[in-house]
K.L.:
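The following block contains the structure, expressed as structure tokens.
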Amino acid sequence: MALELLFNLGLAVFFIYCFFFVGSTVPAAAPDTLGGAEWSRILLVLLIISLLANAYKIARSNGGNISFKFNFDIKKFVTNKMFIGSVIMLAYAYVLDTVGFLVSSLVMFLLYSRLLGEKRIKMLLLSAVGCVALLYVIFDVVLGIMLPRGTGIFRTFALFIESYI
């Protein structure tokens, strides 16, 4: 419990540093618009508030009695859904530029949905295709943000799919 509390407070301090760092390094946006710095700062404030609220909840859960016990089981850690989900997201981020948004996002949604407990293949495929299509429409069509197409055969596949949209 104490390690979780220290971790939350440490992250809050780091995000406070990031808040000021982003403000000093990112160029200011045009007047009456939200630029990259403002969006980052909004997200950082939400993260800081969430971390501090979680730290308060942790400190209050034992009536202020905080004990520093370190009990670490590697098997339990590696089989934890949070760890597996983090590995899936890291692998997704690593292959996104090479494989492209469409294929890598489809695989990531399939794996993550399966991790969260969905066992029906039809529902896995339907939800993954639906989420990827929705995200593609939001970012590429509505917002005009170019998503990674990948390289080689993945790029050819992405261009083939985009030709129908």
Side-chain angles (χ1 to χ4, degrees), residues 4 7-8 10-51 54 72-165:
E4 188 178 0
F7 184 73
N8 277 275
L11 277 178
V13 168
F14 175 70
F15 289 141
I16 290 170
Y17 165 75
C18 290
F19 179 85
F20 291 108
F21 182 75
V22 166
S24 66
T25 58
V26 178
D32 299 329
T33 62
L34 288 176
E38 288 80 15
W39 281 111
S40 300
R41 289 179 123 187
I42 289 169
L43 292 175
L44 286 168
V45 166
L46 292 174
L47 278 169
I48 293 165
I49 291 170
S50 299
L51 286 167
N54 193 37
F72 184 73
D73 182 13
I74 189 73
K75 183 180 179 192
K76 190 175 179 182
F77 177 75
V78 172
T79 57
N80 185 346
K81 284 185 179 183
M82 182 71 82
F83 176 77
I84 296 169
S86 298
V87 169
I88 291 170
M89 294 307 292
L90 283 172
Y92 173 70
Y94 182 73
V95 301
L96 184 61
D97 283 336
T98 307
V99 177
F101 174 78
L102 293 175
V103 175
S104 60
S105 296
L106 185 66
V107 171
M108 187 272 301
F109 272 105
L110 287 170
L111 291 174
Y112 218 87
S113 296
R114 180 66 181 107
L115 175 69
L116 293 177
E118 182 59 55
K119 293 182 176 139
R120 299 169 293 180
I121 301 294
K122 193 176 193 179
M123 188 55 95
L124 279 170
L125 290 172
L126 187 64
S127 65
V129 169
C131 287
V132 169
L134 180 66
L135 286 173
Y136 181 82
V137 167
I138 289 171
F139 283 100
D140 198 61
V141 177
V142 175
L143 297 174
I145 298 173
M146 188 90 153
L147 297 168
R149 290 182 174 145
T151 58
I153 192 167
F154 298 114
R155 182 174 177 79
T156 307
F157 175 72
L159 291 171
F160 173 74
I161 296 295
E162 288 176 14
S163 68
Y164 288 105
I165 295 176

K.L.:
side-chain hydrogen bond (donor to acceptor under 3.5 Å, both in side chains) with Asp97: which residues, sequence neighbours excluded?
P.N.:
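Testing Asp97 for side-chain hydrogen bond (donor to acceptor under 3.5 Å, both in side chains), a comparison that skips the adjacent residues, returns none.
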K.L.:
Are more than 12 heavy atoms, taken from residues, nucleotides or ligands other than Ile153, located less than 6.0 Å from that residue's CD1 atom?
P.N.:
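For Ile153, atom CD1 is not crowded (no more than 12 foreign heavy atoms under 6.0 Å).
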K.L.:
How long is the gap from OG on Ser86 to NZ on Lys81, to the nearest 0.5 Å?
P.N.:
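It comes to 13.5 Å.
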K.L.:
Does Val129 reach the side chain of Phe109, with side-chain heavy atoms less than 4.5 Å apart?
P.N.:
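A side-chain contact under 4.5 Å is absent here.
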K.L.:
List the atom of Leu110, the atom of Leu124, and the distance in Å for their closest heavy-atom pair.
P.N.:
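Answer, listing the atom of Leu110 first, then Leu124: CD2-O, 3.5 Å.
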K.L.:
Report the residue from Leu143, Val137, Val141 that forms a side chain to side chain contact (heavy atoms under 4.5 Å, CB included) with Phe139.
P.N.:
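Result for side chain to side chain contact (heavy atoms under 4.5 Å, CB included) with Phe139: Leu143.
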K.L.:
With rounding to the nearest 0.5 Å, note down the distance linking CG in Leu106 to CG in Leu111.
P.N.:
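Reported value, rounded in 0.5 Å steps: 9.5 Å.
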K.L.:
If we ignore hydrogens and angles and just use 3.5 Å, is the side chain of Arg149 paired with the main-chain N or O of Gly100 as donor and acceptor?
P.N.:
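Pair absent, no side-chain N/O of Arg149 close to backbone of Gly100.
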K.L.:
Specify the closest pair of heavy atoms between Ser104 and Val95, including all atoms of both residues, with the distance to one decimal.
P.N.:
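In terms of heavy atoms, the two residues are closest at CB-CG2, 4.1 Å.
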K.L.:
Check Tyr136 against Leu102 and note the closest heavy-atom contact, atom names and distance.
P.N.:
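Between these two residues, the closest heavy atoms are CD1-CD2, 4.2 Å.
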K.L.:
So, taking the atom named CD1 in Ile49 and the one named CZ in Phe15, what distance separates them when rounded to the nearest 0.5 Å?
P.N.:
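Interatomic distance, Ile49 CD1 to Phe15 CZ, rounded to 0.5 Å: 13.5 Å.
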K.L.:
Can you give me the closest heavy-atom contact between Met146 and Asp140, atom names plus distance?
P.N.:
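In terms of heavy atoms, the two residues are closest at CA-OD1, 3.8 Å.
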K.L.:
Would you call the rings of Tyr17 and Phe21 parallel, tilted or perpendicular, where under 30° means parallel and over 60° means perpendicular?
P.N.:
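Correct class here is parallel.
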K.L.:
To the closest 0.5 Å, what do you measure between CG (Leu135) and CD1 (Ile145)?
P.N.:
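Going from CG on Leu135 over to CD1 on Ile145, the span is 11.5 Å.
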K.L.:
Can you tell me how far apart CZ (Phe19) and CG (Leu43) are? Round to the nearest 0.5 Å.
P.N.:
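Answer for the CZ-CG pair, Phe19 versus Leu43, is 11.5 Å.
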K.L.:
On a heavy-atom basis, which atom in Phe154 and which in Thr98 lie closest, and how many Å separate them?
P.N.:
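Closest heavy-atom pair between Phe154 and Thr98: CD1-O, 3.9 Å.
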K.L.:
Nearest heavy-atom pair of Val22 and Ser40: which atoms, and what distance?
P.N.:
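Scanning both residues, the minimum pair turns out to be CG1-CB, 4.0 Å.
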K.L.:
Run the side chain to side chain contact (heavy atoms under 4.5 Å, CB included) check on Val107 and Tyr92 step by step: do they pass?
P.N.:
CA-CA 9 Å; Val107 171; Tyr92 173 70; over 6 Å; no
K.L.:
To the nearest 0.5 Å, what is the distance between CG (Leu47) and SG (Cys18)?
P.N.:
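Going from the CG atom of Leu47 to the SG atom of Cys18 covers 9.5 Å.
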